[in-house]
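This report refers to the structure that appears directly beneath it.
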Amino acid sequence: MNLAKLKLFALIGDPVGQSLSPAMHNAAFRALGLNCAYITLRVPKPTLANAIAGVRALGIAGLNVTIPHKISIISLLDELDESANLVGAVNTVKNNRGKLIGFNTDGEGALRALEEKIGSVKGKEVVLLGAGGAARAIAFSLARVGARLTIANRTVPRAQALASAVEQKLSTNVKVASLNRAELTKALKNVDVLINATSVGMRPKIDKTLVRANMMRRGLVVYDIVYQPLRTKLLREARRAGGKTIDGLGMLVHQGALAFEIWTGKRAPIKIMKAAAKRELRGENR
Ligand code: ATR
């Protein structure tokens, strides 16, 4: 590694301590023999503009962006690609010779993880739980490839707002549901795929789930984007109901792989990134 000529990439957000991205990206840089490194930089909310000026001044080559900056960073960038424009949030920035371009790889990452397991989702009936940042990215990606969406959220007006935004931008119909048990059971009746894009089930509240086995049909595909833990309560319930389960590791790895490809122009070593993320999840690097 030539430290004097190192190309630097960083995750900015607050907090950033728990991230698996440094392990994933540094493993990928090593595997491809690139003279690059990926670090985390804690950037408190009020300091974002200064941080981005710093990125420009120091020539940092690329960023991942996490909570609380995914939306507020937009006004500080020079350009947005289609993915970020559609979703209205940025998780990846490329510094293209001084021009900062924003991308969003969350939705496409989730879609790849899903399609890797079940093939095309075109025409599939999907119930998406959640209407926050992650759900938003996933909703646009799924609707773009022709999935038939129902968005179910605790705060129903948020689900309605997301459904309207998707309908308007992609001219498709999106249904809305509450998390009310009867309503959700009805929404899940003839559905092909259930996706949890809420934080419910995440450590430390690992015994929480929004949907139980008796609300799921046999053969239902249940996809949880929570990855801490990987075997969430929702996925355990899905197994009991005879469903097919997909955990959150795939989305994490694919959103990272897409960012890696945007930055380097090289194909991401997916298996190596996945193994690094898994090791980190098991705490082997600590
Ligand atoms: P993210 O960017 O990770 O998606 P977010 O924007 O804060 O985070 O969104 C969190 C999502 O989890 C929301 O859909 C939220 O529901 P509300 O819109 O009603 O707040 C959902 N969520 C979080 N805790 C929940 C709980 N205990 N029960 C149901 N939904 C919950």
Side-chain angles (χ1 to χ4, degrees), residues 11-21 43 45 48 64-74 83-84 86-92 102-111 113-114 126-143 149-166 174-185 187-188 194-212 215 222-230 232-235 237 247-252 254-256 259:
L11 169 68
I12 59 166
D14 189 14
V16 289
Q18 297 294 311
S19 174
L20 304 180
S21 294
V43 174
K45 202 173 167 72
L48 180 65
N64 275 143
V65 183
T66 188
I67 288 169
H69 306 311
K70 283 187 174 186
I71 295 168
S72 45
I73 195 172
I74 289 176
S83 61
L86 209 54
V87 179
V90 164
N91 80 326
T92 300
F103 299 80
N104 191 312
T105 69
D106 283 334
E108 193 59 27
L111 184 64
L114 184 59
V126 179
V127 168
L128 176 65
L129 303 171
R136 202 175 161 83
I138 294 172
F140 278 105
S141 283
L142 288 173
L149 269 185
T150 301
I151 298 172
N153 198 46
R154 176 178 61 184
T155 313
V156 176
R158 259 189 118 186
Q160 272 157 347
L162 175 53
S164 307
V166 174
V174 179
K175 286 172 269 178
V176 167
S178 72
L179 297 183
N180 166 291
R181 194 187 162 87
E183 206 171 307
L184 202 49
T185 304
L188 286 171
L194 168 65
I195 304 176
N196 176 46
T198 74
S199 48
V200 176
M202 200 182 284
R203 224 182 288 284
K205 294 184 181 169
I206 58 168
D207 275 324
K208 296 262 186 259
T209 176
L210 294 176
V211 182
R212 294 194 176 273
M215 297 162 74
V222 181
Y223 175 19
D224 199 335
I225 70 160
V226 169
Y227 57 82
Q228 277 170 330
L230 282 176
T232 58
K233 173 83 171 167
L234 175 71
L235 295 185
E237 293 285 310
D247 69 39
L249 191 62
M251 174 178 173
L252 176 80
H254 281 290
Q255 65 73 31

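Just follow the structure's listing: the first ligand is 1, and inside any ligand the first atom is 1.
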Identify, by atom number and element, the atoms of ligand 1 in contact range of [X], meaning under 4.0 Å from any of its heavy atoms.
| X | value |
| --- | --- |
| Ala134 | 1 (P), 2 (O), 4 (O) |
| Thr155 | 17 (P), 18 (O), 19 (O), 20 (O) |
| Gly130 | 14 (O) |
| Leu179 | 29 (C) |
| Gly132 | 4 (O), 5 (P), 6 (O), 9 (O), 14 (O) |
| Ala131 | 14 (O) |

Could you measure the distance from the [atom1] atom of [X] to the [atom2] atom of [Y]? Nearest 0.5 Å is fine.
| X | Y | atom1 | atom2 | result |
| --- | --- | --- | --- | --- |
| Met251 | Ile225 | CE | CD1 | 4.5 Å |
| Ile206 | Leu234 | CD1 | CG | 14.0 Å |
| Thr209 | Leu129 | OG1 | CG | 8.5 Å |

Give me the nearest non-hydrogen protein atom to [atom] as residue plus atom name, then the distance to 0.1 Å.
| atom | result |
| --- | --- |
| atom 25 (C) of ligand 1 | Arg154 NH1, 3.3 Å |
| atom 11 (C) of ligand 1 | Thr198 CA, 4.0 Å |
| atom 23 (C) of ligand 1 | Ser199 OG, 3.4 Å |
| atom 13 (C) of ligand 1 | Arg158 NH1, 3.7 Å |

[X] versus [Y]: any side-chain heavy-atom pair under 4.5 Å?
| X | Y | result |
| --- | --- | --- |
| Asp247 | Tyr227 | no |
| Met215 | Glu237 | no |
| Leu114 | Leu142 | yes |
| Val222 | Leu235 | yes |

Donor-acceptor contact below 3.5 Å, side chain [X] vs main chain [Y]:
| X | Y | result |
| --- | --- | --- |
| Gln228 | Arg203 | no |
| Asn91 | Thr105 | yes |
| Asn104 | Ser83 | no |

Answer yes or no: does an N/O atom from [X] fall short of 3.5 Å to an N/O atom of ligand 1?
| X | value |
| --- | --- |
| Gly133 | yes |
| Asn153 | yes |
| Leu210 | no |

message: Quiz question for you: does at least one protein heavy atom lie closer than 4.0 Å to atom 2 (O) of ligand 1?
response: yes
- prompt: Is there a protein heavy atom less than 4.0 Å away from atom 29 (C) of ligand 1?
  reply: yes
- prompt: Below 4.0 Å from any atom of ligand 1, is there a heavy atom belonging to Leu129?
  reply: no
